[in-house]
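Let me begin by presenting the structure, written as structure tokens, before commenting on it.
Numbering of residues begins at 1 and proceeds along the displayed sequence.
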Amino acid sequence: MRIPQHQPFIKTHNKSRLYMSPFKKHLVPNFLLKINQANKYKTTDLENLPKKYASSGEIENYAQILTNIEFLSAKIKHKKFGIESLIKDYNLINELKQLESSNSLPQTTKSLKLIKESLELSKSILKEDKNQLSVQLFTRLLEYKNLPLIQQLLEQIQAVQNTPWLYPMHPNLTVPNAVLITSITGHDDSINAVAIAPDSKQVISASWDATLKIWDLESGREISKLTGHNSWVYSVAITPDGKKAISGAWDKTLKIWDLTENTEICTLRNNDVINAVAVTPDGKRAISASKNKILKVWDIVNYEEVNVLTGHTGAVMAIAITPDGKQAISSSADKTLKVWDLTTYKEIMTMSGHKASVTAIAVTPNGKHIVSGSDDKTIKIWELTTGKELQTLEGHTEWVRAVAMSPDGKYIVSGSWDKTLKVWDLEKNSEIITITGHTEWVKGVAISPDSKHIISGAYDNTLKIWDLVACTKTIKIPRHDLGVRSVATIPNTTQVLSASEDNTIKVWNSTTGNEVTKLVGHTEGVSAVAIAPDGRRAVSASEDNTLKVWDLETGEELLTLVGHDFWVNAVAITPEGKCVISGSSDHTVKIWNLATGTEITTLKGHTDGIWSVAVTPDGKKLISASWDETLKVWDLASGAEIRTLWGHTDGIWSVTVTPDSKKVISAAWDDTIRIWDLASGKELRKLSGHTNTIRSVAVTPDSKRIVSAGADNKVKVWDMEEGKELISFSGENSFYCCTVGEDGKTVVAGDSEGIMHFLQMAG
């Protein structure tokens, strides 16, 4: 029998009460009353109502139909339409932009975009289970309940929910942020570069279609097309006064354009294709970077070549100039960056560290740091004065081909061949958000001078404008750094303990979702945690082969229990609070004195690791669950084995006992939950419904319901007596653990990404 590994806990088939402010009762808009009274929608209504309202400019009706949960539900469940068709309805908002003169449009637009993004985030879940629509929208939009249209939708969801459901009390899934403002089309080929005018009103894009286009940033409207190049335009820069643009192309020319008249001023000829161009802060010089390993300095007042910079041993890919105009930084396919003195035109230094071509550069507004992007999939931050590498940012899964610095110096934005943009916090050197939306490689990125917008250009022939402010307003989701292996509620409080693979135990306030404190001491992942009946102490089990006893009032480590020879996977405390029970991958169960930490006895009998232990509420028996596919019942007083429970066909992850001490519930790698009669050892019922291994089970205080957490990303609630599945909640990651609060309605679950889920049973 194999010993299971903790990551990723996904099977391959090879063998504490929570409160929420109530919403007001929702009033259905009059124009929907007739349809809703019929309690169904005609196919023609589902297909045509959004189009009808959009085309006729009936903005209020358009917004109301797309925030009506019954319409949304009917459309995704209809065999002719589904989720993709519904998402397309939200794209019609673009037809309404010029039709409303009131001040409500931005808020209406934002609300509809948030709903659309929520649907896109939930797409795979909804394709599998259309009944998840209400809870998915509720979960993702809860953070935006202050927006009237969103509040209206959330109220409806609660009002029409007529089946049991688990709803979140705090954000626990990826939250939409409506960062995409608009998508612009017009080029006939890939976009290589973008530049924003100093007044933040216009954008210029450079394309493989041999043209540049000028766009209005606010509306996305094309203002002008600049033609003259006869090959791919790879770069563009705008002078600080906003009056000229300089473009570089693979036709071996630079062109200077008058942005007042949108006409060509002159052509400067190079001896090789041009990959990049930059303009000095005084607007008098431009520097071009070429495939032939050289850079050239140009006078763009007199339109002549000034100097040639040589030293790179590979194609020069990017160029940037310091804010004071004294230095230029170039990057190359030779894996280096070079700093040049723009007074003497001499090389100052070379910076090495990237493992592949360095394709993008930006300089921080204070002129102290350089940011570089590379085909080694990383971004590096360098100190300009010394050339020292300060930080490497990792996260992209393909080449990084664009980087930009926000003018306020707070953020880096990168664009990659993985079709995403990432926003990074420069101070914390951490990723804030990954932006998806482009369908091809991202090649050009720029940030507006007011630090409000990101503009990206990609090989999908589109420009996209993103809200940088929204990108940086991250929604805090309660979490650990690594997977949560165990959760437990502290009696008579709103606090919850969680044990994680990140070596820590955290205490959470379940009402707020905030972390209260962190217990640190284990040197390996923490597998399980149990709380003494008096709520004052906790015991944790770890892969460092030890257990630790903690004072929950002070956070102090009281004892370390040493004796197991391998991972300690499970822990329980007897009802009177005197003994600790532990289960280990060394195939043994140990009983310890909680007060002294001394080992009382060792129980042997399993032939593989023990992954869960439970003590009956009457304190008389102990049940252990093992990877040998069995459960064993032990007499706690004598340590004698009473019986073995056979039935599971694979390793058993979890075991619990009903409050009346009559039934045992177990969950296993065989995708089943089994209910056993403790007195006889007879299997009473097998529950099937999860589609992957079930990691954890818990039972409600009234013994009527079972809660399970599975690697199929689902938490399920079951009727104990009938064996019927009552509720299914879909997350984004594999669930590792679950527990039920004293109120019998609160469910706390932890997942493989370290996220804590505080859920409430309703209905």
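The distance from the CD1 atom of Ile665 to the CE atom of Met720 is 4.0 Å, given to the nearest 0.5 Å. With values rounded to the nearest 0.5 angstrom, Ile727 atom CD1 is found 8.0 Å from Arg705 atom CZ. For the atom pair Tyr736 OH and Ser696 OG, the distance stands at 13.0 Å (nearest 0.5 Å). Taken to the nearest 0.5 Å, the OG atom of Ser542 stands 12.0 Å off from the NE2 atom of His564.
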| request: Apply the test side-chain hydrogen bond (donor to acceptor under 3.5 Å, both in side chains) to residues Thr517 and Glu515: give CA-CA distance (whole Å), side-chain angles for both, the deciding distance (0.1 Å), then the verdict. | output: CA-CA 6 Å; Thr517 190; Glu515 178 184 328; over 6 Å; no

| task | In sequence, state the C-alpha distance, the side-chain angles, and the governing distance for Thr746 and Gln760, and then conclude on side chain to side chain contact (heavy atoms under 4.5 Å, CB included). | result | CA-CA 5 Å; Thr746 302; Gln760 186 83 6; 3.3 Å; yes

| task | Apply side chain to side chain contact (heavy atoms under 4.5 Å, CB included) to the pair Ser728 and Gln132, showing each step before the final yes or no. | result | CA-CA 8 Å; Ser728 183; Gln132 290 286 319; 4.1 Å; yes

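Aromatic ring pairs are classed by plane angle as parallel below 30°, tilted from 30° to 60° and perpendicular above 60°; the pair Tyr41 and Phe71 is perpendicular. A tilted orientation is assigned to the rings of His690 and Trp718, their planes being inclined by 30° to 60°.
Within the 4.5 Å cutoff, side-chain heavy atoms of Pro659 are placed close to those of Val699. A 4.5 Å side-chain heavy-atom check between Leu603 and Glu641 finds every atom pair outside the cut-off. Two residues are said to be in side-chain contact when any heavy atoms from C-beta on lie closer than 4.5 Å; Ile87 and Lys123 meet this criterion. A 4.5 Å side-chain heavy-atom check between Leu66 and Pro50 finds at least one atom pair inside the cut-off.
Side-chain polar atoms of Thr588 and Lys604 form no donor-acceptor pair below 3.5 angstrom. For the residue pair Asn569/Ser585, the side-chain donor-acceptor check at 3.5 Å is satisfied. No side-chain donor-acceptor contact under 3.5 Å links Ser134 and Gln136. Between the side chains of Trp567 and Ser527, no donor-acceptor pair is found at a separation under 3.5 Å. Side-chain polar atoms of Lys714 and Asn692 form no donor-acceptor pair below 3.5 angstrom. Under 3.5 Å, the side chains of Glu70 and Gln156 contain no donor-acceptor pair of N or O atoms.
A donor-acceptor pair under 3.5 Å links the side-chain atoms of His170 to the main chain of Gly513, judged by distance alone. Thr67 places no side-chain N or O within donor-acceptor distance of the main-chain N or O of Leu153, the cut-off being under 3.5 Å. With Thr574 contributing its side chain and Cys579 its backbone, the two residues share a donor-acceptor pair below 3.5 Å. Without hydrogens or angle criteria, Lys590 side chain to Ser582 main chain gives no donor-acceptor distance under 3.5 Å. For the pair Asn713 (side chain) and Ser734 (backbone), a donor-acceptor distance under 3.5 Å is present. Without hydrogens or angle criteria, Asp502 side chain to His480 main chain gives no donor-acceptor distance under 3.5 Å. Proximity of a side-chain donor or acceptor of Thr616 to a complementary backbone N or O of Lys621 within less than 3.5 Å is detected. Without hydrogens or angle criteria, Glu732 side chain to Leu121 main chain gives no donor-acceptor distance under 3.5 Å. No donor-acceptor pair under 3.5 Å is formed between the side chain of Ser73 and the backbone N or O of Ile69. Ser510 places no side-chain N or O within 3.5 Å of a backbone atom of Gln495 that could act as its donor or acceptor partner.
For the side chain to side chain donor-acceptor pair (under 3.5 Å) criterion with Asp628, the lone passing option out of His606, His648, His587 is His606. When each of Ile83, Ile125, Leu126 is checked for a side-chain contact (heavy atoms from CB on, under 4.5 Å) with Leu133, only Leu126 meets the rule. Checking Asp89, Leu114, Leu86 one by one against Leu119, the side-chain contact (heavy atoms from CB on, under 4.5 Å) holds for a single residue, Leu86.
Phe81 pairs by the ring-ring contact (aromatic ring centres under 6.0 Å, His included) definition with His78, not counting sequence neighbours. The ring-ring contact (aromatic ring centres under 6.0 Å, His included) check on Trp165 picks up Phe138, Tyr167, with sequence neighbours excluded.
For Arg536, the CZ atom is loosely surrounded, since the number of other residues' heavy atoms within 6.0 Å does not exceed 12.
Listed here is the closest heavy atom pair of Ser500 and Gly483: OG-O, 2.9 Å.
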